[in-house]
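In this text, all values refer to a predicted model and were calculated from it rather than measured experimentally.
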Amino acid sequence: MSLSRRHLLLLVLLTLAWGFNWPVMKLGVTHFPPLTFRALSMWGGLPILWLAVRAMKSDLAVARADWPELAKLTLTNMLVWHVVAIVALQALSSGRAAILGYTMPIFSALWGRALFGDRLAARQLVGVMAAAVGVALLLWHELGTMAGRPWGALGMLLAAAVWALGTQQLRRTHVAASTAALTWWMTVATTLVMTLLAALLEHDRWRAPTTPELLTMAYNAVLIFGFAQPVWLVLARGLPPAASTLSVMMIPVLGTISGAVALKETLHWQDGAAIVLMGVAIASVLWPRRFTRVAADTGRPSPTP
């Protein structure tokens, strides 16, 4: 497996957008209903996503026979994550929420092994182990806090586990529709369900958002739902699960550091050690692996990824 320059560029942009979004979201939901925050952000992102899809001239048709599969993919790839994670974020610091959310690659490896018989290569296994140790280190000083409000941590872990399952399913789906079509209809369905849940559960807390809250919604509308979410689905469907999941392990590191800077969340030595371990996890799938083989036509060694 090798990653093209286009994939690498998309991964970098995705990491920046999602990494900085953790303190942005935390700021947005601190005093604002979380489901309503998410619903408004998604409504703002839908026009941008529509323009992008139309610019690509993608066919948005999904065969009726594929609707059940589309519903399943929507549930595991978007709906559970967006509902549970945004609610759990209120009980956690932005950095630690990002760390718990990005236990996803570990869950992905477990799902792949348990359900699909995947066998990780040695370097990928090292990457998963490094990511697991990095997560443990970053949670070192948070165990006491989370013990008082365990639902936040457990909710984020649940969201990560379901998202990991969705990533495995998306890679293996037999739906013939384009990734753009899947992205559009999954986002529309999630937006509608999110709006319904916000109306049912938070209508008594509705109020006009403040200017900072509006800005955080705009960030999510443009950079998350208009850009990062569709980019992630393209990568998750087009790359092996180990590559797509481990390659984004710098996101929680960026979320932790940006949360410390923007929201004055405390950093510890474990954060620095975790950065190194996350780097190992990323390198396990992104570092070029070359071996020598004899080319039949020339008889000379030929590098292959």
Side-chain angles (χ1 to χ4, degrees), residues 9-53 55 77-79 81-102 104 156 159-160 163 183-184 186-188 190-195 197-198 202 205-236 248-265:
L9 176 61
L10 289 175
L11 283 171
V12 170
L13 296 176
L14 179 69
T15 297
L16 293 173
W18 261 346
F20 288 127
N21 191 44
W22 287 97
V24 169
M25 285 194 300
K26 180 66 176 179
L27 180 62
V29 303
T30 297
H31 302 293
F32 197 80
L35 296 176
T36 305
F37 171 88
R38 186 67 98 185
L40 291 174
S41 299
M42 296 187 78
W43 280 112
L46 278 177
I48 299 170
L49 181 58
W50 171 257
L51 291 175
V53 168
N77 279 277
M78 291 191 69
L79 185 57
W81 170 260
H82 287 307
V83 172
V84 178
I86 197 66
V87 174
L89 178 59
Q90 286 195 317
L92 300 166
S93 69
S94 65
R96 276 18 181 200
I99 295 156
L100 285 168
Y102 281 86
M104 184 268 286
M156 193 63 74
W163 181 22
T183 301
W184 170 252
M186 284 196 289
T187 305
V188 168
T190 302
T191 303
L192 293 175
V193 174
M194 189 73 66
T195 303
L197 290 175
E202 297 179 345
R205 299 166 57 192
W206 282 355
R207 60 169 175 79
T210 64
T211 299
E213 289 166 348
L214 282 173
L215 291 175
T216 60
M217 291 178 194
Y219 183 103
N220 274 260
V222 176
L223 294 180
I224 303 305
F225 295 107
F227 170 74
Q229 186 71 62
V231 165
W232 166 254
L233 293 174
V234 168
L235 294 174
V248 294
M249 282 308 296
M250 192 56 69
I251 290 175
V253 175
L254 187 57
T256 300
I257 295 174
S258 59
V261 173
L263 304 179
K264 309 302 181 184
E265 295 172 353

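Here Thr210 pairs with Arg207, Pro212, Glu213 under the side-chain contact (heavy atoms from CB on, under 4.5 Å) rule; sequence neighbours left out.
Val84 is not listed as a side-chain neighbour of Met156, based on a closest heavy-atom distance of 4.5 Å or more. In this structure the side chain of His82 reaches within 4.5 angstrom of the side chain of Phe225, judged on heavy atoms. Looking only at side-chain heavy atoms (C-beta outward), Asn220 and Val24 come within less than 4.5 Å of each other. For the pair Trp206/Phe32, no side-chain contact is recorded, criterion being any heavy-atom separation below 4.5 Å from C-beta on.
The main-chain N or O of Ala17 is found under 3.5 Å from a side-chain atom of Tyr219 such that the two form a donor-acceptor pair. A donor-acceptor distance shorter than 3.5 angstrom exists from the side chain of Lys26 to the backbone of Leu89, with no hydrogens or angles considered. Remark: side-chain polar atoms of Ser258 are paired, donor with acceptor, to backbone N or O of Gly255 under 3.5 angstrom. Distance alone, capped at 3.5 Å, places no donor-acceptor pair between the Gln229 side chain and the Ile224 backbone.
A pairwise comparison of heavy atoms in Leu14 and Phe227 identifies N-CE2, 4.2 Å as the closest pair. Nearest approach of Met217 to Pro209, heavy atoms of both residues: CE-CB, 3.9 Å. Taking every heavy atom of both residues into account, Gly101 and Trp81 meet most closely at CA-CH2, 3.8 Å. Ala198 and Thr36 make their closest contact through CB-OG1, 3.7 Å (heavy atoms, listed as atom of the first residue, atom of the second, distance).
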> Does the pair Trp22 and Ile251 meet the rule for a side-chain contact (heavy atoms from CB on, under 4.5 Å), with working shown?
Replying inline: CA-CA 9 Å; Trp22 287 97; Ile251 290 175; 3.9 Å; yes
> Between Met25 and Thr216, is a side-chain contact (heavy atoms from CB on, under 4.5 Å) present by the stated rule, with each step listed?
Replying inline: CA-CA 7 Å; Met25 285 194 300; Thr216 60; over 6 Å; no
> What's the verdict on side-chain contact (heavy atoms from CB on, under 4.5 Å) for Leu16 and Leu254, showing C-alpha distance, side-chain angles and the deciding distance?
Replying inline: CA-CA 8 Å; Leu16 293 173; Leu254 187 57; 4.0 Å; yes
Scan the side chains in residues 38-53 for donor-acceptor partners under 3.5 Å anywhere in the protein, sequence neighbours excluded, and list what turns up.
residue : atom : partner : partner atom : Å
Ser41   : OG   : Phe37   : O            : 2.8
Trp43   : NE1  : Thr195  : OG1          : 2.8

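For the atom pair Leu192 CG and Leu197 CG, the distance stands at 11.0 Å (nearest 0.5 Å). The structure places CG of Asn77 at 9.0 Å from OG1 of Thr190, a figure rounded to the nearest 0.5 Å. Interatomic distance, Phe20 CZ to Thr15 OG1, rounded to the nearest 0.5 Å: 10.5 Å. Note: Thr191 OG1 to Met186 CE = 12.0 Å, rounded to the nearest 0.5 Å. Taken to the nearest 0.5 Å, the CG atom of Leu263 stands 7.5 Å off from the OG1 atom of Thr30. The distance from the CD atom of Glu202 to the CG atom of Leu35 is 4.0 Å, given to the nearest 0.5 Å.
When only modelled atom types and interatomic distance are considered, Ser94 and Glu265 share a side-chain donor-acceptor pair under 3.5 Å.
Using the six-membered ring where Trp is involved, Trp232 and Trp163 have ring planes that are perpendicular, over 60° apart on the 30 and 60° scheme.
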